[in-house]
Amino acid sequence: MKSCVLAYSGGLDTSVILGWLQDQGYEVHAVYVDLGQPCEDRAATLKKAQDAGAKSARIVDVREELCRDFAFPVLSWQAKYESIYLLGTSIARPLISKVMLEVAREVGATAYAHGATGKGNDQCRFQLAAEALDPSIEMIAPWRIKEFRDLFPGRTELIAYCEEKGIPVKASSSKPYSSDENVLHISYEAGQLEDLTVNGVELVDFGMTVSPQAAPDKPEEVTIDFEAGVPVALNGKTVSALEMVESLNEIGGRNGIGRIDMIENRFVGMKSRGVYEAPGMTVLYDALLNVEQLTLDRDLVRLRDKLAVEVSEMVYYGFWYTPKFDALLAFINEARKPVTGSVTLQLYKGNIIVSSRQSPNSLYDEEIATMEGGGSYNQDDAEGFLRIHGLPSRVQGRVSPRPY
């Protein structure tokens with residue numbers, strides 16, 4: 001028989017695809033990549049794959065790797081797609097493909113199947129990553145196959161199929177939006193969220209956060225320590241990357257931190273609406289920025305911020321395993337070396353307020369910056385500084401006077 005690995009979540013699409021692949025003559029090795037999905041029952045997911053006839057079913061835990069080797073480098077870039085999205089789904093996809101190829105090599109499978117739609121970004125992320133790592137792999141994307149779409153034109157038919165077959169899935173005809181979970185965030189799209197007149201944050205049953213309105217009436221303080229741009233300690237305790245993110249998810253989540261509702265431009269060209277929650281990573285982005293403000297040179301930050309737009313697009317589109325991205329990761333590893341310090345934040349009803357920040361590498365000099373008398377800055381020096389910088393304008397003003 002033909003053999004393939006299936007990136008299996010136990011959700012609506014992959015539950016149907018598992019059976020369809022078997023109908024096509026494949027023995028299917030179902031792989032649940034454990035990314036720290038906060039609302040999923042791993043044992044039940046594994047059993048569901050086994051009950052559905054998978055040749056093998058396994059869970060591969062990459063939670064620590066996801067945070068340490070994928071999320072934290074993107075964090076150091078302060079990369080946000082279209083200025084707002086923290087890339088939680090995008091960051092995880094190249095890691096999923098790496099795991100899938102490792103399992104395929106172990107079981108002797110020649111094909112890699114996934115449930116990403118032909119209209120979305122994930123098909124790009126899965127395939128671009130997989131083909132970069134193993135150019136010989138056969139990709140099976142049922143949503144790009146006409147016969148599959150004829151059987152299942154949309155989510156309504158998928159839900160009906162699962163109801164008919166007694167396959168338990170979270171999606172329903174009453175709330176048929178799609179969600180993707182990992183330890184970094186949960187995303188929500190499709191279904192009623194496609195109607196832009198609907199309030200997304202009121203429609204969605206969020207899994208990681210309470211609403212700001214329901215958050216406690218008292219601010220909660222949290223202290224985060226960074227070493228060379230990497231978060232290493234939380235409230236005075238050294239923690240792993242995974243522990244850092246999980247703990248801040250809990251702390252930020254109960255304080256209503258990290259919900260967004262946005263219209264974004266997909267890689268394939270269309271605009272789509274997504275609702276996201278990322279409490280822990282939202283806190284980390286804010287905390288790191290405050291330490292960077294103390295420790296990074298102005299011109300370096302400007303260059304980093306220019307390149308961060310490029311980084312966010314590469315991550316969003318799926319170009320992780322490329323020479324260009326390798327070089328960008330090397331750049332940020334060098335650039336973030338001085339970013340060591342500590343910041344204390346107050347979290348209050350969806351807001352993040354800075355209480356204090358400090359660093360042994362601080363470039364802030366109170367003697368220079370003070371607005372009080374004295375200090376080490378000689379204001380007379382500003383005269384020559386301004387005369388030099390104003391020279392082009394003075395010449396231009398004499399040659400081509402501006403009306404005023």
Side-chain angles (χ1 to χ4, degrees), residues 66-88 90-91 184-185 221-241 243-245 247-249 251-252 257-258 260 278-316 325 327-347 351-370:
L66 173 65
C67 297
R68 182 191 64 232
D69 299 338
F70 287 78
F72 284 2
V74 176
L75 165 68
S76 292
W77 273 104
Q78 290 287 337
K80 301 178 182 180
Y81 184 66
E82 297 186 335
S83 302
I84 185 169
Y85 171 42
L86 299 188
L87 298 161
S90 317
I91 290 168
L184 307 177
H185 86 159
E221 275 200 346
V222 60
T223 299
I224 303 168
D225 295 341
F226 293 86
E227 290 182 6
V230 178
V232 295
L234 179 62
N235 293 330
K237 178 186 176 184
T238 300
V239 294
S240 70
E243 290 170 331
M244 177 68 73
V245 175
S247 297
L248 287 175
N249 279 341
I251 296 168
I257 304 293
I260 64 169
M281 293 305 296
T282 299
V283 174
L284 283 175
Y285 266 73
D286 202 284
L288 179 59
L289 181 61
N290 280 279
V291 180
E292 290 175 343
Q293 289 170 351
L294 285 180
T295 57
L296 288 183
D297 169 77
R298 175 182 64 185
D299 290 335
L300 177 57
V301 170
R302 286 180 175 177
L303 178 59
R304 192 277 308 270
D305 289 349
K306 289 177 183 177
L307 292 173
V309 176
E310 190 83 9
V311 169
S312 68
E313 290 181 352
M314 291 187 73
V315 174
Y316 187 84
F325 200 73
L328 288 166
L329 289 176
F331 172 91
I332 203 61
N333 283 336
E334 177 66 27
R336 69 186 184 181
K337 284 181 178 178
V339 186
T340 294
S342 177
V343 60
T344 299
L345 305 171
Q346 287 187 355
L347 310 182
N351 297 289
I352 301 176
I353 305 156
V354 182
S355 291
S356 68
R357 73 279 260 184
Q358 58 186 332
S359 169
N361 300 330
S362 176
L363 301 177
Y364 174 79
D365 188 328
E366 188 174 352
E367 280 293 307
I368 294 176
T370 181

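In this text the structure is predicted, and so the values were computed from the model without any measurement. Scope of the values below: all heavy atoms of this structure, side chains included, with no hydrogens, waters or symmetry mates.
Atoms OG1 and CE, on Thr238 and Met244 in that order, are 8.5 Å from each other to the nearest 0.5 Å. Here OH of Tyr285 is found 12.5 Å from CD1 of Ile352. Values are rounded to the nearest 0.5 Å. Taken to the nearest 0.5 Å, the CD1 atom of Ile368 stands 4.0 Å off from the CG atom of Asp365. Taking CZ from Arg302 and CG from Leu296, the interatomic distance works out to 13.5 Å, rounded to the nearest 0.5 Å. For the atom pair His185 NE2 and Ser90 OG, the distance stands at 7.5 Å (nearest 0.5 Å). Between the CG atom in Leu289 and the CZ atom in Arg357 there is a gap of 9.5 Å [rounded to 0.5 Å].
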Apply side chain to side chain contact (heavy atoms under 4.5 Å, CB included) to Val222 and Thr344, showing your working.
CA-CA 6 Å; Val222 60; Thr344 299; over 6 Å; no
Apply side chain to side chain contact (heavy atoms under 4.5 Å, CB included) to Ser355 and Glu221, showing your working.
CA-CA 8 Å; Ser355 291; Glu221 275 200 346; 3.2 Å; yes
With side chain to side chain contact (heavy atoms under 4.5 Å, CB included) as the test, would you mind laying out the steps for Phe331 and Leu303 before giving the verdict?
CA-CA 11 Å; Phe331 172 91; Leu303 178 59; 3.8 Å; yes
Give the C-alpha distance, both sets of side-chain angles, the deciding distance and a yes or no for side chain to side chain contact (heavy atoms under 4.5 Å, CB included) between Thr223 and Leu234.
CA-CA 6 Å; Thr223 299; Leu234 179 62; over 6 Å; no
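Between the side chain of Ser362 and the backbone N or O of Ser359 there is no donor-acceptor pair closer than 3.5 Å. Looking only at distances, no side-chain donor or acceptor of Gln358 sits under 3.5 Å from a matching main-chain atom of Gly341. Remark: the backbone N or O of Thr282 is not paired with any side-chain donor or acceptor of Asp286 at under 3.5 angstrom. Although no hydrogens or angles enter the test, the distance criterion places a donor-acceptor pair under 3.5 Å between the side chain of Asn249 and the main chain of Gly280.
The closest side-chain heavy-atom distance from Val283 to Ile251 is not below 4.5 Å. Looking only at side-chain heavy atoms (C-beta outward), Trp77 and Leu328 come within less than 4.5 Å of each other. Counting heavy atoms from C-beta outward, Phe72 and Leu284 have side chains that approach closer than 4.5 Å. Looking at Arg336 and Leu288, their side chains never come closer than 4.5 Å, going by heavy atoms from C-beta outward. At a threshold of 4.5 Å between non-hydrogen side-chain atoms, the residues Arg304 and Gln78 count as touching. Looking at Ile224 and Leu248, their side chains come closer than 4.5 Å, going by heavy atoms from C-beta outward. Residues Asn361 and Leu294 fail the side-chain proximity criterion, which asks for heavy atoms closer than 4.5 Å. Taking 4.5 Å as the limit, some side-chain heavy atom of Met281 sits within range of a side-chain heavy atom of Val245.
Evaluation of the side-chain hydrogen bond (donor to acceptor under 3.5 Å, both in side chains) rule for Thr295 yields no partner, not counting sequence neighbours. When the side-chain hydrogen bond (donor to acceptor under 3.5 Å, both in side chains) test is applied to Thr340, no partner is found at least two apart in sequence or on another chain.
Contact record, Ser240 with Glu243: N-OE1, 2.8 Å, taken as the closest heavy-atom pair. Contact between Leu300 and Ala335 at its shortest, heavy atoms only, is CD2-O, 3.9 Å. Closest of all the heavy-atom pairs between Pro279 and Gly252 is CB-C, 3.7 Å. In this structure, Val311 and Ala79 approach most closely via the heavy-atom pair CG1-CB, 4.1 Å. Scanning both residues, Ala71 and Leu184, for their nearest heavy atoms gives CB-CD2, 3.7 Å. In this structure, Gly229 and Pro231 approach most closely via the heavy-atom pair O-CD, 3.9 Å.
Heavy atoms of other residues, nucleotides or ligands lying less than 6.0 angstrom from CD of Glu227 number 12 at most.
The aromatic rings of Tyr316 and Tyr85 lie perpendicular to each other, with more than 60° between the two planes, well past the 30° mark.
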